[in-house]
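Remarks on the structure that follows.
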Amino acid sequence: MSTTRTAVVTGAARGIGRAVAHRLATDGHHVAVLDLDESACQVVADEITDGGGTALAVGVDVSDPEQVEAGVARVAEELGAPTLLVNNAGIIRDNMLFKMPVEDWDAVMSVHLRGAFLMTRACQAHMTTEKYGRIVNLSSTSALGNRGQVNYSAAKAGMQGFTKTLAIELGKFGVTANAIAPGFIQTDMTAATAERIGVPFEDFLAHAAKETPVQRVGQPEDIAATASFLLSEEAGFVSGQVIYVAGGPRD
Ligand code: NAP
């Protein structure tokens with residue numbers, strides 16, 4: 001087994017983040033479970049500790065600078081220097097451009113881009129001191145363009161440029177940064193999309209599976225497995241990359 005490190009996963013109370021938190025605990029790491037609601041984080045942290053792992057629940061709004069600084073400081077104090085970071089927290093506020101309120105543009109930019117910036121700025125201080133770090137940012141196939149998601153696709157394309165610049169700036173400190181761009185993953189987020197467009201989730205899943213080259217939708221564990229590799233010691237020569245995990249070139 002590789003060295004035990006401290007990992008921070010944002011948006012880890014459910015969906016992809018929860019699966020990544022579990023996978024990193026199975027990989028032998030100590031895991032800080034960050035999300036808006038600390039009691040929801042505690043449920044996941046308890047699942048990890050019940051399984052023999054080490055976890056800490058921390059309630060943090062990633063778009064709030066004070067909460068981010070305090071949350072990361074608490075992780076460092078209680079679990080150790082966070083040298084693995086997964087910027088996963090995300091929201092959707094879908095609408096066609098002509099109907100999109102400015103608040104929904106700002107909210108999406110704030111959680112994905114400002115959130116990833118604040119979390120990474122706070123954690124890189126520990127990574128550069130430790131001369132080791134692994135950062136994984138969640139992008140999306142929507143970065144390639146998706147009707148009704150002008151805010152989200154801009155944010156997810158932004159995550160890719162953010163990732164590449166992190167790789168350039170932090171490489172000399174032993175830190176890598178990569179992005180995962182998932183296709184259709186079965187979570188509450190895709191269930192919410194089905195509800196918004198008025199399609200039963202089962203039908204939505206079946207349609208998505210048919211459109212995907214491997215003929216199935218993705219599961220949170222598909223993303224967790226890719227994150228596990230990119231966050232491993234042996235992935236040290238992979239940096240600034242965007243890995244599409246979409247059952248094909250895109251969903
Ligand atoms: P999800 O089930 O909706 O989970 C997202 C989590 O992020 C929720 O627990 C949410 O908390 C949390 N969150 C939202 N705003 C936050 C904030 N300001 N601070 C901290 N946590 C916050 O979504 P998911 O499907 O697992 O998606 C995870 C990531 O993958 C997102 O970045 C998403 O854009 C990306 N992604 C997903 C898919 C997909 O098909 N599902 C595809 C491509 C990319 P609350 O529950 O309290 O709102």
Side-chain angles (χ1 to χ4, degrees), residues 8-23 32-45 57-68 70-72 85-94 104 106-119 122 136-146 149 151-160 162-163 179-196 201 204-205 207-209 211-212 216-224 226-227 242-247 250-251:
V8 175
V9 185
T10 69
R14 56 194 172 95
I16 293 169
R18 175 174 171 272
V20 171
H22 275 284
R23 174 62 194 252
V33 177
L34 267 67
D35 211 303
L36 285 172
D37 175 5
E38 188 159 309
S39 60
C41 298
Q42 193 59 55
V43 173
V44 176
V58 190
V60 169
D61 176 348
V62 296
S63 65
D64 182 298
E66 283 80 34
Q67 289 189 35
V68 166
V72 170
L85 171 64
V86 182
N87 285 309
N88 167 82
I91 59 169
I92 47 172
R93 295 286 184 274
D94 295 353
D104 287 355
D106 288 345
V108 167
M109 293 302 150
S110 185
V111 177
H112 296 272
L113 287 176
R114 180 180 160 105
F117 157 66
L118 291 172
M119 285 299 306
V136 166
N137 297 316
L138 267 292
S139 178
S140 167
T141 49
S142 293
L144 302 169
N146 200 24
Q149 289 197 316
N151 49 1
Y152 185 79
S153 61
K156 289 311 200 184
M159 289 297 262
Q160 298 190 7
F162 176 68
T163 301
I180 298 175
F184 189 110
I185 310 296
Q186 187 174 348
T187 68
D188 293 345
M189 187 176 271
T190 39
T193 304
E195 200 177 328
R196 183 179 62 83
F201 195 35
F204 198 53
L205 291 173
H207 176 76
E211 296 293 305
T212 303
R216 70 169 176 90
V217 298
Q219 297 299 327
E221 291 72 22
D222 291 311
I223 306 306
T226 309
V242 180
I243 316 286
Y244 283 82
V245 183
R250 64 167 300 172
D251 66 346

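For clarity, every value in this text was computed on a predicted model and none was experimentally measured. When a ligand or atom number is given, it counts from 1 through the structure's own listing order.
At least one N or O atom of Val62, backbone or side chain, sits closer than 3.5 Å to an N or O atom of ligand 1. Between Arg14 and ligand 1, an N or O atom pair is found at a separation short of 3.5 Å. Annotation: Thr141 places no N or O atom under 3.5 Å from an N or O atom of ligand 1; distance criterion only. Residue Thr190 has no nitrogen or oxygen atom sitting less than 3.5 Å from a nitrogen or oxygen atom of ligand 1, judged on distance alone. Backbone and side-chain nitrogen or oxygen atoms of Pro182 are examined, and none is located within less than 3.5 angstrom of a nitrogen or oxygen of ligand 1.
Contacts between Val111 and ligand 1 below 4.0 angstrom, taking non-hydrogen atoms only, involve the side chain exclusively. Under 4.0 Å from ligand 1, the heavy atoms of Lys156 that appear belong solely to its side chain. When heavy-atom distances to ligand 1 are checked against a 4.0 Å cut-off, Thr187 comes that close only through its side chain, counted from C-beta outward. Using a 4.0 Å cut-off between heavy atoms, Val60 contacts ligand 1 through its backbone alone, with no side-chain atom that close. Proximity of Ile16 to ligand 1, defined as any heavy-atom pair under 4.0 Å, is shared by backbone and side chain alike.
Not a single heavy atom of Ala40 sits less than 4.0 Å from an atom of ligand 1. Heavy-atom separations between Thr10 and ligand 1 are all 4.0 Å or longer. Using a non-hydrogen distance threshold of 4.0 Å, Ala192 does not register as a contact of ligand 1.
Within the model, atoms OG1 of Thr187 and CZ of Arg18 stand 12.0 Å from one another, a figure rounded to the nearest 0.5 Å.
Close approach of ligand 1 to His112 (heavy-atom distance below 4.0 Å) involves ligand atoms 32 (O), 34 (O).
Salt bridge Asp222/Arg216: present, at least one basic N to carboxylate O contact under 4.0 Å.
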